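Read through the structure below, which is laid out as structure tokens, and then see the notes.
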Amino acid sequence: MNGLTIQTYESIDDFLPFSGKILRSTPIFVDYLFNKEIKGPEIASVLLNNGFTQLYLTTGLPSEKVKIPVGILGVVDKTFPSFLVGSKA
């Protein structure tokens with residue numbers, strides 16, 4: 001896929017041990033309603049505090065129903081973010 005590497009993690013605790021090897025400018029997509037214990041904005045806050053700058057919330061909800069915390073670049077749906085590779089119309 002155009003040389004992109006995709007990594008997925010089941011929790012912030014799974015991600016943090018590997019975070020030192022990830023560029024802080026890497027786009028990161030966090031599920032808005034992650035699970036019952038922690039929500040996406042809380043995870044994003046941890047990532048922001050660790051220096052990550054390209055954070056997005058993903059959701060199936062209409063974007064106008066999602067409050068975007070400071071530091072989050074936007075809300076996207078759960079399809080592959082084509083803006084990462086450019087669009088070919």
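Note that the numbering runs from 1 along the sequence shown for the chain. Treat the numbers as computed from the prediction; the structure is a model and nothing was measured.
Membership of an apolar cluster is not assigned to Val70, as no side-chain contact below 4.5 Å to another ILVMFWY residue is traced. Summarising the hydrophobic clusters (Ile, Leu, Val, Met, Phe, Trp, Tyr; side-chain heavy atoms under 4.5 Å, direct or chained), the residues clustered with Val66 are Tyr9, Ile12, Phe15, Leu16, Phe18, Ile22, Ile28, Val30, Tyr32, Leu33, Phe34, Ile38, Ile43, Val46, Leu47, Leu48, Phe52, Leu55, Leu57, Leu61, Ile68, Ile72, Val75.
Take Pro17 and apply the side-chain contact (heavy atoms from CB on, under 4.5 Å) test, not counting sequence neighbours, and it matches no residue. Take Lys39 and apply the side-chain hydrogen bond (donor to acceptor under 3.5 Å, both in side chains) test, not counting sequence neighbours, and it matches no residue. Residues meeting the side-chain hydrogen bond (donor to acceptor under 3.5 Å, both in side chains) test with Asn50, sequence neighbours left out: none. With sequence neighbours left out, Asp77 forms a side-chain hydrogen bond (donor to acceptor under 3.5 Å, both in side chains) with Thr79.
Shortest non-hydrogen contact noted between Leu73 and Gln54 is CD1-OE1, 3.3 Å.
In this structure, the side chains of Phe29 and Pro81 come closer than 4.5 Å at one or more pairs of heavy atoms.
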